[in-house]
Amino acid sequence: MYEILAPSPDGQIVLRTLDSSGLRAGPDTTVPRSDLPGLVARLEASQRPRWVWRTAADWYPRLLASGVTLRRCHDLMLCATLLTNSAYTGAYATSFTSSDDLIEQPGSLPPAAPPQGQGSLFEEEPVHGPSADELERELAAQLRSIADSAHPGRLRLLCAADSAGALVAAEMQAAGIPWDVETHERLLADQLGPRPRGFERPGRLEDKANELRTQLGAPGLNPDSPQELMRALHRAGIEARTTRAWELREFGHAAIPPLLEYKKMARLFAANGWAWLDAWVRDGRFRPEYVVAGVVTGRWASRGGGALQIPKQVRSAVRARPGHKLVVADASQLEPRVLAALARDDAMAAAARDADLYAGIAAAGFGGDRAKAKVALLGAIYGATTGESGRLMPQLTRLYPRAVAFVEQAARDGERGLTVTTHLGRSSPAPSERWQRLQRSTSAEEQRRADAAARDRGRFTRNFVVQGTAAEWAECWIAELRQQLRRLAALGVKGELVYFLHDEVMIHAEEEAAAACADAVQEAATAAKRLLFGDAPVQFPVSIAVVDSYDQAK
DNA sequence: CGTTGCAGCGCG
DNA sequence: AAAGCGCGCTGCAACG
């Protein structure tokens, strides 16, 4: 059963009930905005509908702030995007473009933490957007598109996964990552010195800059300027081509160690220093915004505070509240396992029966050399042509012809300008006009550039099928996990999802609930595998750590 | 002056 | 140890 949520012209809100095939199942209900949370909660409890909206952002943050959580939804915008591009669907036109939603005012402030509890937040700011009729029409078009597609089951699952993702994303933003400001500030003081008053560098960072200036004989140097730094390096006889840390490491000069240390410290100061704490952590929580399917491959992106790049350096500040634990889990070697399943490469799947896939593959054909097996496999997924990983490709091809052929096919398709598609049906974007023009060009110089562009695109599509399908597995994993945590919560066993990072999740759980949450993580992984790949002989083990702070995990 | 692109580094 | 994929954020440098 579907329940459409829409603004009505008179400033109230319309609810429209449809049956499971999308037909009207009764008269509309119109309610004042202030009554919405109560009504939604009642319907959720009695009917358990699939809520239909343009985008979760219109409704769910405010429902959450009123204390209402929902089981499932159909997010028309997310589904419109994937159905429009999917190679599984036929002609399908939608006006539900996501483009206008992506235009954000530059420099906009971080969203305030949703206030808790009382009153209806719908009173303050009305919902804008399509009417119930428009939403109903769009839903019908989407359901038809799915039913008429080459893989209705897969697309239904993908729509459900992205929609569940929209719910989890809003819930995680509302919950926030528990962040211990004191620990973070102590760590900053230890490494950088006391917080500076104005805009100058902190003491230890300035000391390090001076040490560097002395070593280079460049008293006025601003080490943050790549151009100045490059000139100073050259004057000191260091013939670096770039100022990248790993290239500089090769030089034996006495200025290099302080320079590398400076870069490390400067990065901490700029990216995750006091200003970051002020901007992004409130009431002991870091609340980033998650952008479901914000990456072409279907991975999530985030906005605000660099939530998907929390450096190892500061992870000790991610700390469970008193009486709580963090349950941190990650899927082991997710992408190679996805490749084995996608390519139906049973030999590779057999090697992956091992909890350590790389060790299994090393034993099967790399003389037990785990490092070699890893480099070879990642090279196949990323499209490495040179270096060690390029040299190992023939060996990998002999061992796992099906898996290698699968990614090679994706690469060839991309080079020819075709799109490629994940297991559940997310397709890569078509090549740009510019790219296609370049491919048609005739001059020798242009041909050279065209070949290079074709190879670039081949590497992209090669990786797309694997990264994208891995993202689907991971989204099904957290969707399943979310349902299990809701069931546990109903029994008084309390843990909430607070972080998701491609192949990793974090639950903030009451101490007594941690073990049950860990089990739920494992069961959700098994369920996700079954949803995507049925009984294919591939395993997706997860490693789980129950810890007090994030740095203690793995 | 504000905007845009790039280099560099963080994460998976 | 450092090539191949996908991102976000920062400060500097160049552009209009």
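Each chain gets a letter, A, B and so on, in the order the sequences are listed, and its residues count up from 1.
Taking atom CD1 of A:I310 as the reference point, atom P of B:dC11 lies 11 Å away to the nearest angstrom. Protein atom CZ of A:R267 is 10 Å distant from nucleotide atom C1' of B:dC11, rounded to whole Å. Distance A:R457 CZ to C:dG6 P: 11 Å, rounded to the nearest Å. In this structure, the CG atom of A:L233 is 17 Å from the P atom of B:dA7, given to the nearest Å. Separating the OH atom of A:Y382 from the P atom of C:dA2 is a distance of 18 Å, rounded to the nearest angstrom. We find that CZ of A:R244 is positioned 11 Å from C1' of C:dA2, with the value rounded to whole Å. Atom pair A:Q313:CD and B:dC9:P shows a separation of 13 Å (rounding to whole Å applied). Taking atom CG of residue A:L308 and atom P of nucleotide C:dC9, one finds them 9 Å apart after rounding to whole Å.
Side-chain proximity of A:P311 to C:dG6, C:dA3, B:dG10: nearest is B:dG10. Ranking C:dC5, C:dC7, B:dG12 by closeness to the A:N463 side chain, first place goes to C:dC5. Of the candidates C:dT10, C:dC7, B:dC11, C:dT10 carries the atom nearest the A:A270 side chain, counting heavy atoms from C-beta on. If you check B:dA7, C:dA2, B:dG12 against the side chain of A:T243, the one that comes closest is B:dA7. Of the candidates C:dG6, B:dC11, C:dC12, the closest approach to any side-chain atom of A:R315 belongs to B:dC11. Closest to the side chain of A:V375, out of C:dA1, B:dG8, C:dC5, is C:dA1. With B:dG10, B:dG12, C:dA2 as the candidates, the nucleotide lying closest to the side chain of A:W246 is C:dA2.
Here A:Q227 lies in heavy-atom contact (under 4.0 Å) with sugar-phosphate atoms only. Nucleic acid contact class of A:I381 (heavy atoms, under 4.0 Å, all strands): none. Within the nucleic acid shown, A:S302 comes within 4.0 Å of sugar-phosphate atoms alone, with no base atom in reach, counting heavy atoms only. Using a 4.0 Å heavy-atom cutoff across all strands shown, A:E247 reaches no nucleic acid atom at all. Across all strands, A:R249 comes closer than 4.0 Å to no nucleic acid atom at all (heavy-atom distances). Nucleic acid contact for A:G390: none, since no nucleic acid atom lies under 4.0 Å from a heavy atom of the residue. Residue A:V466 is classed as having no contact, given no heavy-atom separation below 4.0 Å to the nucleic acid. Within the nucleic acid shown, A:A245 comes within 4.0 Å of sugar-phosphate atoms alone, with no base atom in reach, counting heavy atoms only. Looking at heavy-atom distances under 4.0 Å, A:N222 makes contact with sugar-phosphate atoms alone, never a base. Among the atoms of the strands shown, only primed sugar atoms or phosphate atoms (P, OP1, OP2) are found under 4.0 Å from some heavy atom of A:S225. Across all strands shown, A:R299 has heavy atoms under 4.0 Å from base atoms, whether or not it also approaches the sugar-phosphate. Residue A:G304 is classed as a sugar-phosphate contact, given heavy-atom separations below 4.0 Å to backbone atoms only.
The pair A:R213-A:E206 counts as a salt bridge, with a side-chain nitrogen and a carboxylate oxygen less than 4.0 angstrom apart. A salt bridge links A:D278 with A:R195; the closest basic N to acidic carboxylate O contact falls under 4.0 Å.
In summary, the side chains of A:T421 and A:S427 do present a donor paired with an acceptor at a separation below 3.5 Å, with no hydrogens or angles considered. Using a 3.5 Å distance cut-off with no hydrogens or angles, the side chains of A:E504 and A:Y499 do not pair a donor with an acceptor.
Of the side-chain N and O atoms in A:K263, one or more sit less than 4.0 angstrom from OP1 or OP2 of B:dC9.
Using bins of under 30°, 30° to 60° and over 60° for the plane-to-plane angle, the ring pair A:F533/A:F540 lands in the parallel bin. By the 30° and 60° cut-offs, the orientation of the rings of A:H184 relative to A:W179 is tilted.
Under the Watson-Crick or G-U wobble criterion, with both distances below 3.5 Å, B:dT3 is paired with C:dA14. Taking a pair to require two hydrogen-bonding distances under 3.5 Å in either a Watson-Crick or a G-U wobble arrangement, C:dG6 pairs with B:dC11.
Ranked by how close their nearest DNA chain C nucleotide is to the 5' end, A:H502 and A:E388 are led by A:E388. Between A:G379 and A:K374, the residue whose closest nucleotide on DNA chain C is further toward the 5' end is A:K374.
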Checklist entry - Yes or no on salt bridge (Lys or Arg N to Asp or Glu O under 4.0 Å) for A:E228 and A:R231, after CA distance, side-chain angles and deciding distance? => result CA-CA 5 Å; A:E228 278 187 46; A:R231 275 194 292 272; 6.0 Å; no
Next on the checklist: Please evaluate residues A:F500 and A:W477 with respect to the criterion ring-ring contact (aromatic ring centres under 6.0 Å, His included), reporting the C-alpha separation (whole Å), side-chain torsions for both, the decisive distance (0.1 Å), and the verdict.
Outcome noted: CA-CA 11 Å; A:F500 172 54; A:W477 182 38; 7.3 Å; no
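Base orientation at C:dG4 is syn, since its O4'-C1' glycosidic dihedral falls within 90° of 0.
Contact annotation: side chain of A:Q309 to base of C:dG8, donor-acceptor pair present below 3.5 Å.
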